[in-house]
Amino acid sequence: MNNSILFCLIFTLVLPFLTSCKGGNSHVSAEGVAGDTLEMKYARNLTIVRHPGYTTATIRNPWDSTKTLHRYILVGDSADMPDNLPKGTVVRTPLKRALVYSTVHQALIDEFEAAEAIGGICDAQYVNDRAMLSRITQGKVTDCGNSNSPNLEKIIQLNPDAILLSPYENSGTYGKIGQMGIPLIECADYMESSPLSRTEWMKFYGLLFGCEKEADKIFTETENAYLALKAMTDTVSHRPKVIVDRLYGNSWYVPAVRSTMGTYIRDAGGCNPFDHIDASGSVGLSGEQVLHEAGDADIWLVRYSQASDKPLAELRTDNAIYPMFKALKDGRVYGCNTQKVRFYEDTPFHPHWFLRNLIAIIHPELTEPETGQIYFTPLQP
């Protein structure tokens, strides 16, 4: 579809009327209330508009860009409720007793120094933060069980002021959780198509927890560091092929051209063998397809979770096709044991930490000896 036609379609169906104004954008809601739009440099599925007495945060449906997934009306908890609010879910801010499903967002809230505002958490077995684990053990944070089937009784007892969860396509009304009258914050940041676009969602979470200045500061520092690293590889002439992960069941999920991992590989000076797949996110292929298209890849990144670090010998026996890959033959396989390393907690909102690690792997000639966060290390024999 022609880009201009697509833009007009989205403009007509999704975005309220936008006009330019001095110093930024003026936004007029469907109810006719003017407001100021918060600049989003990278995020494509999030629009934040300040109005007198409240702020709207509109999340575009990542699976159907002509629709809105959710609109939130953020009102200060000490303020009177404004008249004639637009349609949406009213959330009193800052949150003081939130239930957080994901360690990704738990780690960010902790970085805002707002951990006291987390009243409950799901999937506590994946929490690596010692302070949070201590709060759970002491009963200061309620363990609400598995995020796929949370403990309703504990949630009722907790009575959270909001539940932060990750939506998925056709997730519907979330069953009984959606019937409790508790605001459900659909954290669709993971559906953005580049590292910095996901990172920018921290501006929304900063508003929720009364940490707007902290979020802006962290984002600016992260953006500057990421772009400086990316600039190091802009002119490299040799771009080694990089493959990621491995078979899960019968599918190997490879990064398409508009995926976050695909962007990481390009920004680190590598070549993603699956850039020809015009899609966002990952696409499932058979092991034979991956071997045919990327068996000659120079570098192989493997994420896994187990008690002991995976050696090359173990990877060779995991599947009969693995020893056929050039990277394994050459011993250029790098592993990230997510049971021991905070990859999923750190990188969504600090992508520069991973990019630095990735550049050191792909172009060691460009970097000094690594310091700081290191997520992927060479698999040992």
Roughly how far, to the nearest 0.5 Å, is CH2 of Trp201 from CG of Leu196?
15.5 Å
Would you mind checking if Lys203 and Asp216 are paired as a salt bridge, meaning a charged N to carboxylate O distance below 4.0 Å?
no
Whether Tyr190 side chain and Pro167 backbone form a donor-acceptor pair below 3.5 Å
yes
For the pair Thr377 and Val341, evaluate side chain to side chain contact (heavy atoms under 4.5 Å, CB included) and give the outcome as yes or no after the intermediate values.
CA-CA 11 Å; Thr377 56; Val341 179; over 6 Å; no
Would you find more than 12 non-hydrogen atoms of other residues, nucleotides or ligands less than 6.0 Å from Glu113 atom CD?
no
Check for me whether the distance between the ring centres of Tyr334 and Tyr375 falls short of 6.0 Å.
no
Under a 3.5 Å distance rule, please check whether Thr233 uses its side chain to pair with a backbone N or O of Asp267 as donor and acceptor.
yes
Flag yes if Leu184 and Met180 sit in one hydrophobic cluster, no otherwise; membership is Ile, Leu, Val, Met, Phe, Trp, Tyr, and two members link when side-chain heavy atoms are under 4.5 Å apart.
yes
Main-chain N/O of Leu158 paired to Arg97 side chain as donor or acceptor, under 3.5 Å:
yes
Quick check against the 3.5 Å criterion: does Asp161 have a side-chain atom that pairs as donor or acceptor with the backbone of Lys96?
yes
Can you tell me how far apart CG (Leu247) and CG (Asn319) are? Round to the nearest 0.5 Å.
5.0 Å
Using 0.5 Å steps for rounding, measure from the CG atom of Leu95 to the CD1 atom of Ile109.
8.0 Å
Evaluate the ring planes of His70 and Tyr72, with Trp represented by its six-membered ring, and classify them as parallel (under 30°), tilted (30 to 60°) or perpendicular (over 60°).
parallel
Tell me the closest heavy-atom pair linking Ala98 and Leu164, and the distance in Å.
CB-CD1, 4.3 Å
Take the angle between the ring planes of Tyr54 and His51 and call it parallel below 30°, perpendicular above 60°, tilted in between.
parallel
In terms of hydrophobic clusters joined by side-chain contacts under 4.5 Å, are Val333 and Val242 together?
no
Closest heavy-atom pair and its distance - Pro195, Thr263
CD-CG2, 3.5 Å
Quick one: sort the Tyr174 and Tyr168 rings into parallel, tilted or perpendicular, breaks at 30° and 60°.
perpendicular
Could you go through the side chain to side chain contact (heavy atoms under 4.5 Å, CB included) check for Asp64 and Glu169 one step at a time?
CA-CA 9 Å; Asp64 184 350; Glu169 190 171 9; over 6 Å; no
Counting only heavy atoms from other residues, nucleotides and ligands, does the tally under 6.0 Å from NE2 of His292 exceed 12?
no
Closest contact, heavy atoms only, Ile182 versus Pro160
CG2-O, 3.6 Å
Flag if over 12 foreign heavy atoms under 6.0 Å of CG, Asp234
yes
Is Arg332 paired with Asp298 through a side-chain N to carboxylate O contact shorter than 4.0 Å?
no
Contact check, side chains of Glu314 and Gln306, non-hydrogen atoms, under 4.5 Å
yes
Hphob cluster co-occupancy, Phe354 + Trp300, side-chain heavy atoms under 4.5 angstrom
no
Could you state the interatomic distance from CD1 (Ile362) to OG1 (Thr367), rounded to the nearest 0.5 Å?
11.0 Å
Examine distances only and state if a side-chain atom of Glu200 and a backbone atom of Tyr42 form a donor-acceptor pair shorter than 3.5 Å.
yes
Checking Glu212 side chain against Gly210 main chain: does a donor-acceptor pair fall under 3.5 Å?
no
Exceeds 12 heavy-atom contacts within 6.0 angstrom, atom CD of Glu153
no
Can you classify the ring geometry of Phe325 versus Trp252 as parallel (below 30°), tilted (30 to 60°) or perpendicular (above 60°)?
tilted
Arg316 (side chain) donor-acceptor with Pro311 (main chain) under 3.5 angstrom:
no
Stepwise side chain to side chain contact (heavy atoms under 4.5 Å, CB included) test for Asp110 and Met132:
CA-CA 9 Å; Asp110 184 60; Met132 180 55 65; 5.8 Å; no
Shortest non-hydrogen contact between Ser308 and Lys340, atoms and distance
CA-NZ, 4.1 Å
Under a 3.5 Å distance rule, please check whether Lys154 uses its side chain to pair with a backbone N or O of Asp143 as donor and acceptor.
yes
Check the hydrophobic clustering (I, L, V, M, F, W, Y; side-chain heavy atoms under 4.5 Å; chains of links allowed) and say if Ile361 and Met232 are grouped together.
yes
Under 3.5 Å donor-acceptor, Arg239 side chain and Arg266 backbone:
yes
Verdict with supporting geometry, Tyr344 and Thr338, side chain to side chain contact (heavy atoms under 4.5 Å, CB included):
CA-CA 7 Å; Tyr344 293 115; Thr338 59; 3.3 Å; yes
How long is the straight-line distance from CG of Leu165 back to CD of Glu186, given to the nearest 0.5 Å?
6.5 Å
Nearest heavy-atom pair of Ile155 and Cys144: which atoms, and what distance?
CG1-SG, 4.0 Å
Contact summary for Lys310 and Leu379, nearest pair of heavy atoms
O-CD2, 3.1 Å
Check whether any side-chain N or O of Thr199 sits under 3.5 Å from a backbone N or O of Pro348 as a donor-acceptor pair, and report yes or no.
yes
Identify whether Val141 and Leu99 are in the same connected component of the hydrophobic contact network (ILVMFWY, side-chain heavy atoms under 4.5 Å).
no
If you round to the nearest 0.5 Å, how far is CG of Asn151 from CD1 of Ile156?
9.0 Å
Taking C-beta and beyond as the side chain, do Leu38 and Met40 meet within less than 4.5 Å on heavy atoms?
yes
Given Leu358, which partner from the list Phe376, Trp353, Tyr264 fulfils the side chain to side chain contact (heavy atoms under 4.5 Å, CB included) test?
Tyr264
Note: Lys140-Glu116 ion pair, threshold 4.0 Å (strictly below)
no
